[in-house]
Amino acid sequence: MSSDHVQSAERPTDDGAAPPGDAEAPFLDLLARGATADAYEQPVLRARAEGRPAERIAALEHAKLLALRVRAELEGRRRREAELSALFETAHDLAGLRDVDAVLQAIVQRARSLLGTDVAYLSLNDPARGDTYMRVTEGSVAARFQQLRLGMGEGLGGLVAQTARPYVTDDYFRDERFRHTTTIDAGVRDEGLVAILGVPLMLGPHVIGVLFAADRRARVFEREQIALLGSFAALAAAAIDTANLLTETRSALADLEHANEIIKDRSGVIERASDVHDRLAELVLRGGGVHDVAAAVSEVLDGTVEFTEADAAPADALEASRAEGHAVPHRDGWIAAVTAGGELLGALVLRGHPGLDPVDQRTLERAAMVTSLLLLARRSAAEAEQRVRGELLDDLLDARDRDPRLLRERAARLRADLDATHVVLAARLDTAAPDADQEADARRRLWSAASHLAATRQGLAAARDGGTVLLLPLAPGDTATDLARRTARHLGTAVHEPVTVGASAPVAHPAADPDAVVAGYEEGRRCLDALRLLGRAGDGAAAEDFGFLGLLLAGDRDIGGFVERTIGQVVAYDAGRGTDLVRTLDAYFACGMSPARTKDALHVHVNTVAQRLERVGRLLGDDWQSPARALEIQLALRLHRLAGPAQS
């Protein structure tokens, strides 16, 4: 503003008083011109220099503060508009994704521009090599920094990836919260970076990379800037995920096109094979299911094609098809394994057609491949439901103060009834993977198979403690042992590896008594550990299967149940007939299983002892004196004596 303008704006009226609103006028002009913050001091300084009254100066000070607040608000709005515009442009780029590198480059450029940093860069994890690498940089000048490859868990990026949370440092080389390495520090030193902010790129629960913003001087990143970079990171992750899906889709389409080329080269069966291709493509596009695929192939091959679960198909033929990657003959038909990434999902079974030419065989194999794609698509849709089932089971195990009514409502949406009797099962793989990635993949396959089983049985499943926990309803007439063994067989077949399953005793009304679910899980884990220690890996069992060892495994130490199962018939016989069989057994074992010494201890004839022991044998079975049974009977007798009324 010119001095003449400021002076005229501040000139008093004839009576020496400033006109109304005169104090705000110079600041309105400054706002209109977008002046710097320093310029707002000039009207006040000039008024003091001219000796204006204190009231005039105070009015100018007040107007200055108001104007600066308005200026700050306008600056904030402009900044937010710029941020929203950048996010909108990035989302628009993502919607029309053609080149993922171009989208990632735009994200990094906009992040650097809006945060006003010297450098911005993005790193991605490389599962094949087990490290992470620089994918995109903006503002970088050091070649070594641009080519960095970092081991997992190293540097500030490793800390972000490990915790899946943003981290910021105002002085990288003095920060001891993360592990420094010579390679990383050298690259950061070459680039001259001091302050660094990193936020994770997340796909579901997994960190796939880190987005960074960095300055070559000390700097404090504000909360809004961290949130903004996090938004860019989410868009970057979406771009990568979309690009991967496009690649997979193009690959699948390329496979289908290759099959179509093969079909076109043949004569005699071209129309039929083309018809299969068209039908399967139409089924995929209109969201058909696996049984629709089977019906379509049945018409073309002039036979009956059915999809079956892996455990319902002939095991030898199914394994041969999976190993060879082709359909194989079986009895009067053919079997084609439905697989994905080494996982066996089921089989297409062709019946009534023992002879297939190569093209028809290929048709059946292609149908199996399309079936696997449909199953994977259905699984992707079901994973959301699986996560909800896992969250509900986690709440039952971890947040036991939940409202039972809310637990029942959540379970009802998943078609589960938490007022029915359930069994808690702990499942774990029993083969050692050669590396951490394969072990994690095996655990994911186990969790997926368990989640599928829980969904089909109206139960719940969650990944926990390196394995999987299931809460399955117990059918009338069924036992926890039977359920554990069936579950072990089902999961083992699904993941193609031995799976050991330990089961709890039945839990009534889980929604009303979450503590019983927690105790049941611990009991199931102890049973699982016992099975592995006893060399029964790949099997299933409950605490009741271990005899007196079940007392050590059971969460509630069911002593009465153990005594009843072991000597209950003898106790009932004494109670109903006034006999003395329990005391005779006590004396018999106390006398080293000698009838002669027993008759002296009881002051009866030896024939009486023999008759009583014969009666015990009829009640308990002929093997009651075998070492294992005798040990259990002695323990049950002692527990029965301890639980009875005190003897005078």
Side-chain angles (χ1 to χ4, degrees), residues 389-402 404 407 410-411 416 418-430 443 446-447 449-451 453-454 457 459-474 478-488 490-492 498-563 565 635 639:
R389 290 181 183 274
E391 290 169 0
L392 177 54
L393 184 50
D394 283 334
D395 282 350
L396 282 169
L397 292 171
D398 297 330
R400 299 188 296 279
D401 57 347
R402 293 275 186 178
L407 291 174
R410 291 170 59 188
L418 292 185
D419 286 320
T421 300
H422 285 66
V423 173
V424 185
L425 303 109
R428 193 177 303 164
L429 290 166
D430 278 295
R443 289 180 178 178
L446 174 61
W447 174 81
S451 298
L453 176 63
R457 303 289 174 83
L460 306 174
R464 203 171 188 89
D465 300 324
T468 302
V469 55
L470 299 96
L471 184 68
L472 298 181
L474 188 65
D478 205 358
T479 67
T481 299
D482 294 337
L483 183 58
R485 289 175 178 166
R486 285 199 307 273
T487 302
H490 181 97
L491 296 180
V499 177
T500 307
V501 177
S504 72
V507 177
H509 310 297
D513 189 9
D515 285 333
V517 179
V518 178
Y521 176 53
E522 295 301 325
E523 182 177 336
R525 289 181 63 192
R526 288 192 290 271
C527 286
L528 187 152
D529 292 338
L531 283 170
R532 301 175 78 182
L533 288 172
L534 294 172
R536 292 173 57 186
D539 198 359
E544 63 186 19
D545 300 315
F546 294 92
F548 74 90
L549 290 176
L551 290 176
L552 305 177
L553 298 173
D556 57 0
R557 300 295 192 271
D558 185 14
I559 293 174
F562 172 73
V563 172
R565 291 191 299 272
L635 178 58
L639 292 173

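Only a predicted model underlies this, so the values are computations on that prediction, with no experimental measurement involved. Excluded from the calculations below are hydrogen atoms, water molecules and symmetry mates; all remaining heavy atoms, backbone and side chain alike, are included.
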ask   = How many angstroms lie between atom CG of L453 and atom CZ of R486, to the nearest 0.5 angstrom?
value = 10.0 Å

inquiry  = How close do P506 and T421 get, counting heavy atoms only, and between which atoms?
reply    = CB-CG2, 3.7 Å

ask   = Of the non-hydrogen atoms in C527 and G502, which two are nearest, and what is the gap between them?
value = CB-CA, 3.9 Å

key: 4.5 Å side-chain heavy-atom contact, V507 and D513   = no

note = Closest non-hydrogen contact found for G459 with P473 is CA-CD, 4.2 Å

request  = Carefully, step by step, assess H490 and V501 under the rule side chain to side chain contact (heavy atoms under 4.5 Å, CB included).
outcome  = CA-CA 11 Å; H490 181 97; V501 177; over 6 Å; no

remark   = Heavy atoms of T481 and A542 approach each other most closely as OG1-CB, 3.8 Å

Residue pair Y521 / V469: nearest heavy atoms and the distance that separates them = CD1-CG2, 3.5 Å

task = Quick one: pull up OG1 in T487 and CG in D482 and give me the separation to the nearest 0.5 Å.
result = 10.5 Å

query = Hey, what do you get for OG1 (T468) to CG (D465), rounding to the nearest 0.5 Å?
reply = 10.5 Å

ask   = How long is the gap from CG on L470 to CG on L491, to the nearest 0.5 Å?
value = 6.5 Å

key: Expected output: side-chain S504 to main-chain E523 donor-acceptor under 3.5 Å   = no

Closest non-hydrogen atom pair, V423 against A503 = CG1-CB, 3.8 Å

ask   = Going from CG on L460 to CG on D394, what distance comes out if it is rounded to the nearest 0.5 angstrom?
value = 10.0 Å

query = How many angstroms lie between atom CZ of R443 and atom CZ of R428, to the nearest 0.5 angstrom?
reply = 8.5 Å

remark   = Per side chain to side chain contact (heavy atoms under 4.5 Å, CB included), H422 is matched among L483, L474, V517, L471 by L471

